[in-house]
Amino acid sequence: MLLGMKSAFRTVTVAHLLAFCPVLFTGCGGNEGGSNTSTPTTAPSAQTGPAAVTTIRNVDAKAAQQLLSENSDIQVLDVRTPEEYAAGHLAGARNLDFNAPEFRENLSKLDRDKTYLVHCGAGGRSTRSLSRFKDLGFKSVIHLDGGFNGWVEAGQAIENPGRAKP
């Protein structure tokens with residue numbers, strides 16, 4: 001009998017909670033005009049806008065190559081030095097030197113709505129660059145784990161292969 005009462009009590013309690021959920025979530029916000037607007041708790045950045053959320057995925061060379069072959073809209077961004085880039089790079093890659101003083105400024109000129117596959121030599125500089133992508137409000141970034149060296153070691157094709165040093 002006692003067990004049955006506990007079960008009934010739980011049912012009533014859950015039913016009461018469900019009945020009051022709209023009150024809990026709408027509260028007494030003082031929205032006299034009845035409009036359905038809200039004020040953000042933090043002001044959006046002037047550079048990123050209110051809906052800037054960066055999705056970052058980490059992939060190895062094989063997965064990156066598959067993504068590039070399936071989606072021609074992905075932009076490859078090589079954040080190595082111009083000398084490293086000239087020695088060999090992924091096909092279609094754009095060079096934007098992470099160590100250059102104007103890196104953030106140059107990055108800010110890119111289309112934030114595109115998806116970027118970013119890499120460096122081994123993964124250190126490109127990993128550090130990810131916070132810049134977030135700060136600037138890029139929507140989608142794919143990080144190549146192992147960088148250019150991992151790409152070459154996986155046997156993936158590169159441009160200027162005679163000059164590349166894995």
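- Asp111 pairs by the salt bridge (Lys or Arg N to Asp or Glu O under 4.0 Å) definition with nothing, not counting sequence neighbours.
- Under the side chain to side chain donor-acceptor pair (under 3.5 Å) criterion, the residue pairs touching residues 68-77 are Gln66-Glu70, with sequence neighbours excluded.
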- Task: List the steps and the verdict of side-chain contact (heavy atoms from CB on, under 4.5 Å) for Leu96 and Tyr116.
- Result: CA-CA 12 Å; Leu96 204 64; Tyr116 293 90; over 6 Å; no
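- Remark: of the listed residues Tyr85, Phe148, Phe103, Phe103 is the sole one forming a side chain to side chain contact (heavy atoms under 4.5 Å, CB included) with Val79.
- Under the salt bridge (Lys or Arg N to Asp or Glu O under 4.0 Å) criterion, the residue pairs touching residues 84-98 are Glu84-Arg125, with sequence neighbours excluded.
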- Task: For side-chain contact (heavy atoms from CB on, under 4.5 Å), just list the numbers for Asp78 and His119, CA-CA rounded to whole Å, side-chain angles, deciding distance to a tenth of an Å, and then say yes or no.
- Result: CA-CA 5 Å; Asp78 186 328; His119 74 87; 3.3 Å; yes
- Message: Run the side-chain contact (heavy atoms from CB on, under 4.5 Å) test on Gln65 and Leu68 for me, step by step, so that the C-alpha distance in whole Å, both residues' side-chain angles and the decisive distance to 0.1 Å come before the verdict.
- Response: CA-CA 5 Å; Gln65 200 291 319; Leu68 291 170; 5.5 Å; no
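- For Thr115 (side chain) and Ile74 (main-chain N/O), no donor-acceptor pair under 3.5 Å exists by modelled atom type.
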- Task: Would you sort out whether Trp151 and Leu144 count as a side-chain contact (heavy atoms from CB on, under 4.5 Å), showing the intermediate values?
- Result: CA-CA 8 Å; Trp151 182 269; Leu144 176 58; 4.1 Å; yes
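- Between the side chain of Asn149 and the main chain of Gly121, a donor-acceptor pair closer than 3.5 Å is present.
- When the side chain to side chain donor-acceptor pair (under 3.5 Å) test is applied to Ser126, the partners found at least two apart in sequence or on another chain are His143.
- Partners of Asp60 by side chain to side chain donor-acceptor pair (under 3.5 Å), not counting sequence neighbours: none found.
- Taking Ser108 as the reference, Arg112, Leu136 meet the side-chain contact (heavy atoms from CB on, under 4.5 Å) condition, with sequence neighbours excluded.
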